[in-house]
Number of protein chains: 2
Amino acid sequence: MKEDRLPTIKEIARRLNVSVSTVSRALHDHPGIGLRTKTRVQQLARELDYAPNQNAIFFKQRKTFTIGVILPNLKEEFFSEAINGIEEVATGHKYSVLISQSRDDIERERQILTTMKNNRVDGIIASLGANTTQYDHFAALKKYGIPLVFFDRVPTLPEFNKVYSNMNSGTREAIEFLIEKGHRRIGVLNGPEKMRSSKERTETYMQVLMKKRLKIDLGLVISTDLTRESTLQAMQHLLSQRPRPTAILAINDYIALDAMQFARQQKLKINKDICFVSYANLPVTSYLETPPMASVEQYPYQQGAKAAEILMQIISRGDKDEKSSEPETFQNIVINGQLVVHSKR
Amino acid sequence: MKEDRLPTIKEIARRLNVSVSTVSRALHDHPGIGLRTKTRVQQLARELDYAPNQNAIFFKQRKTFTIGVILPNLKEEFFSEAINGIEEVATGHKYSVLISQSRDDIERERQILTTMKNNRVDGIIASLGANTTQYDHFAALKKYGIPLVFFDRVPTLPEFNKVYSNMNSGTREAIEFLIEKGHRRIGVLNGPEKMRSSKERTETYMQVLMKKRLKIDLGLVISTDLTRESTLQAMQHLLSQRPRPTAILAINDYIALDAMQFARQQKLKINKDICFVSYANLPVTSYLETPPMASVEQYPYQQGAKAAEILMQIISRGDKDEKSSEPETFQNIVINGQLVVHSKR
DNA sequence: GATTTTCTTGCAACCGTTTGCGTAGACAGA
DNA sequence: TCTGTCTACGCAAACGGTTGCAAGAAAATC
């Protein structure tokens, strides 16, 4: 015996013999409505279990109170944790979150952006796919007035808002840590060359080694495309170097896991024959018998939350001065990664 | 120089001096529109980069082409994998997916349901929070005509659609496997007693032991609330039993991870002093030096995909015969879990 | 009692799109 | 010339709310 239709404002108006506008105002506690009618309306609304059709409101207000989030995948705890940060802030502002995974596929990324645009999300938070090197589809959002904030995997161009973790300080700490532990040959499992974080990592790597007056062997810095296969290949290469590197810096914990597994298969003892330091500091690694010696915490929750805050701010600003033509400025928030040491030896 | 408004059908109509209905039909390739106008309209639409305002369409059609997914969290790979299955099917049907996490908090769960209801999602897929024992908020959806399909953590009541992995066969295999390996005292780290899977697990546990004529010690079956703390407590208890259990069956891989960590801290050698078998068979465990001996694969992707298929089917059925009053039937899909052995010894 | 003010309420437009129905014009047949 | 049939399009209502403006009724002021 299901109701054909949910109760509407019209229904209430009809039953109470008042106009819809009166009902609407009564439900909003508008001062211009008499106490009598106001209570009558509110009571009937409660009885009917009335809830406004958000869709109608969205449509009318030309707003959806929804933000889109597009990221490479949900599997990595880094991203699901970032989502928590985003959700927290968004729901605090009465916004919903529409999540989509690009799976590091640029076509998918494009597709998702169009859908989100057509669905009229009020703003978008994105983390780039590993293979995304052009940003035209993102730039196009501007034309439609949809604000955009990147986080973690951000483009190198200045004309975007971004929140990301700077690799310099964390990388410096990590390498200094390894050197202090006596390591002299340190391999790097880096991400795609085009990624900003990859560049930063290489730069800092060289800087620190130079400062410490150690020999730099660029054969120890390998780019990967973040897939398991390319990680294993890179490890193969690194471990075949002579003298063999005694420590490896991996772009993130998942890559480190693959690398450690590979090393183990090569009969190397983790944290003894070869040490690992990685980025992200995900909870999973704490379950390992031999976790990476250290990991650079990148504060995914904070990154997500901050990105959401910026977006909310832009949205509410846009709501007010519809067409102030003050020059657009872009936020560029850097969250310093910090080395967390897991194992003392 | 951002456009104030996105191009609408009206705009096109105005520019071409035709009516909006003509434009609408032209864009839909309606036969009643002349070829001349049709091409004129379509071309201008392309030039203006016109895209229909989905919101307006949703509103008009009283459909949102969006399904809501509510699950305990995104952190567990089981759930993010399930989402992949859901997304795949949903996008195949041109539906968007709105994801929300209940964080095992029933209040949040309620809140999310109301929001989704007000947002007029076309259907909902849910996995219960660990503490959810009442289903009134879910039952209420029926009143609003919102179809609902549960997966994985499903209620025990018959009047819901559900897709879940049956614990019996997997559990039987798991325990027989352990017995075959010589284990006689097998502990169970179970979930909340109210959970259907917990009950099934206990049942099967006893059945198998009885069949094998082994002594049953119910002190070895402990309920937890899925938090790390309660897992550790339970482990404390299990390991203090004499004789100490030589194997432990854990409700899922994450619980197993916590348990194994605890066991290691107690100086027990995993897979030697004490063996673990768990459920879910998540990729993370493959990175351990000593993974659980075996794990019952529960096919999260398939569960998600199947749940989405059922939902799509219900939705499209509902679209057709608006008010056929045939008695509602509920789907009850069981996916048999299957034991995957990791370590031979 | 007339006029002004205040309090309540209704009217109507609007958001962008879809769709049933009506109709002008072209053309053919009688 | 008059009907009748198509073809190609426009009108207008509807989806469910919000909101500026007007206006009637009641209360207050003189």
Side-chain angles (χ1 to χ4, degrees), chain A residues 3-42 44-45 48-65 117-122 144-145 319 322, chain B residues 3-42 44-45 48-65 117-122 144-145 319 322:
Chain A
E3 323 274 295
D4 278 18
R5 287 263 217 289
L6 267 47
T8 71
I9 225 172
K10 284 188 189 171
E11 175 68 11
I12 298 181
R14 199 179 53 71
R15 295 214 199 187
L16 258 38
N17 253 315
V18 294
S19 76
V20 289
S21 46
T22 303
V23 176
S24 173
R25 286 192 253 258
L27 291 173
H28 285 85
D29 233 3
H30 187 100
I33 300 295
L35 191 58
R36 278 195 70 83
T37 22
K38 202 178 277 186
T39 39
R40 284 207 315 149
V41 169
Q42 290 176 348
L44 182 57
L48 292 182
D49 216 6
Y50 166 83
N53 181 339
Q54 293 297 343
N55 263 325
I57 298 179
F58 293 166
F59 170 55
K60 165 77 181 172
Q61 316 274 258
R62 291 216 213 72
K63 276 203 67 171
T64 54
F65 291 95
K117 182 201 72 183
N118 292 350
N119 278 43
R120 304 289 195 269
V121 296
D122 292 341
Y144 302 112
D319 282 352
E322 273 296 339
Chain B
E3 324 274 294
D4 280 16
R5 287 261 216 292
L6 268 46
T8 71
I9 224 172
K10 282 187 191 174
E11 175 68 11
I12 298 181
R14 199 178 53 72
R15 295 214 199 186
L16 258 37
N17 254 313
V18 293
S19 76
V20 288
S21 46
T22 302
V23 176
S24 173
R25 285 192 253 256
L27 292 173
H28 286 87
D29 235 2
H30 186 99
I33 300 295
L35 189 58
R36 276 195 72 82
T37 18
K38 204 178 275 186
T39 37
R40 284 208 313 150
V41 168
Q42 291 176 348
L44 183 56
L48 292 182
D49 217 5
Y50 166 82
N53 181 337
Q54 294 296 346
N55 261 326
I57 298 180
F58 293 166
F59 169 55
K60 166 78 179 170
Q61 316 273 256
R62 291 214 213 73
K63 275 201 69 171
T64 54
F65 291 94
K117 184 201 72 184
N118 292 350
N119 279 42
R120 304 291 195 269
V121 296
D122 292 340
Y144 301 112
D319 281 353
E322 271 297 338

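- Per the geometry, CG belonging to A:N55 stands 14 Å off C1' belonging to C:dT17, to the nearest Å.
- Atom pair A:L16:CG and C:dG10:C1' shows a separation of 15 Å (rounding to whole Å applied).
- One distance of note links CD1 of A:I12 with CD of A:Q42; it measures 10.0 Å at 0.5 Å rounding.
- For B:N119 (side chain) and B:V121 (main-chain N/O), no donor-acceptor pair under 3.5 Å exists by modelled atom type.
- Between B:Y50 and the phosphate of C:dT17, there is a side-chain N or O to OP1/OP2 separation shorter than 4.0 Å.
- The shortest side-chain heavy-atom distance between B:V18 and B:V23 falls under the 4.5 Å cut-off.
- Sequence order on DNA chain D of the closest nucleotides to B:F59 and B:R36 puts B:R36 first from the 5' end.
- Taking A:R15 as the reference, A:E11 meet the side-chain hydrogen bond (donor to acceptor under 3.5 Å, both in side chains) condition, with sequence neighbours excluded.
- Between the CG atom of A:L35 and the P atom of C:dC7 there is a distance of 14 Å, rounded to whole Å.
- At a threshold of 4.0 angstrom between heavy atoms, the contacts of A:T8 are confined to the sugar-phosphate backbone, with no base atom among them.
- Closest to the A:T22 side chain, of the nucleotides C:dT9, C:dT17, C:dC15, is C:dT9.
- Between A:I9 and A:L27 the shortest side-chain heavy-atom distance falls below 4.5 Å.
- What separates CD of B:Q61 from C1' of C:dT17 is a distance of 8 Å, to the nearest Å.
- Nearer the 5' end of DNA chain D, as judged by each residue's closest nucleotide, is the contact made by B:K38, out of B:K38 and B:R62.
- In this structure, B:K63 places its NZ atom 16 Å from C1' of C:dT17, rounding to the nearest Å.
- A donor-acceptor pair under 3.5 Å is absent between the side-chain atoms of B:T64 and the main chain of B:F58, judged by distance alone.
- B:F58 comes within 4.0 angstrom of nothing in the nucleic acid, heavy atoms only.
- Distance alone, capped at 3.5 Å, is enough to place a donor-acceptor pair between the B:T39 side chain and the B:L35 backbone.
- Taking the nucleotide of DNA chain C with the nearest heavy atom to each of A:K60 and B:R25, the more 5' of the two is matched to A:K60.
- Read 5' to 3', the first and last nucleotides of DNA chain D with an atom closer than 4.0 Å to a heavy atom of chain B are D:dA8 to D:dG16.
- Summarising the geometry, the separation between CD1 on B:I12 and P on C:dG16 is reported as 13 Å, rounded to the nearest angstrom.
- Whole-Å rounding puts the B:E11 CD to C:dC15 C1' distance at 15 Å.
- Counting any heavy atom pair closer than 4.0 Å across all strands shown, B:G34 reaches sugar-phosphate atoms only and no base atom.
- No contact: A:V23 has no heavy atom under 4.0 Å from any strand.
- Look at CG on A:D29: it is 16 Å from C1' on C:dT9, rounded to the nearest Å.
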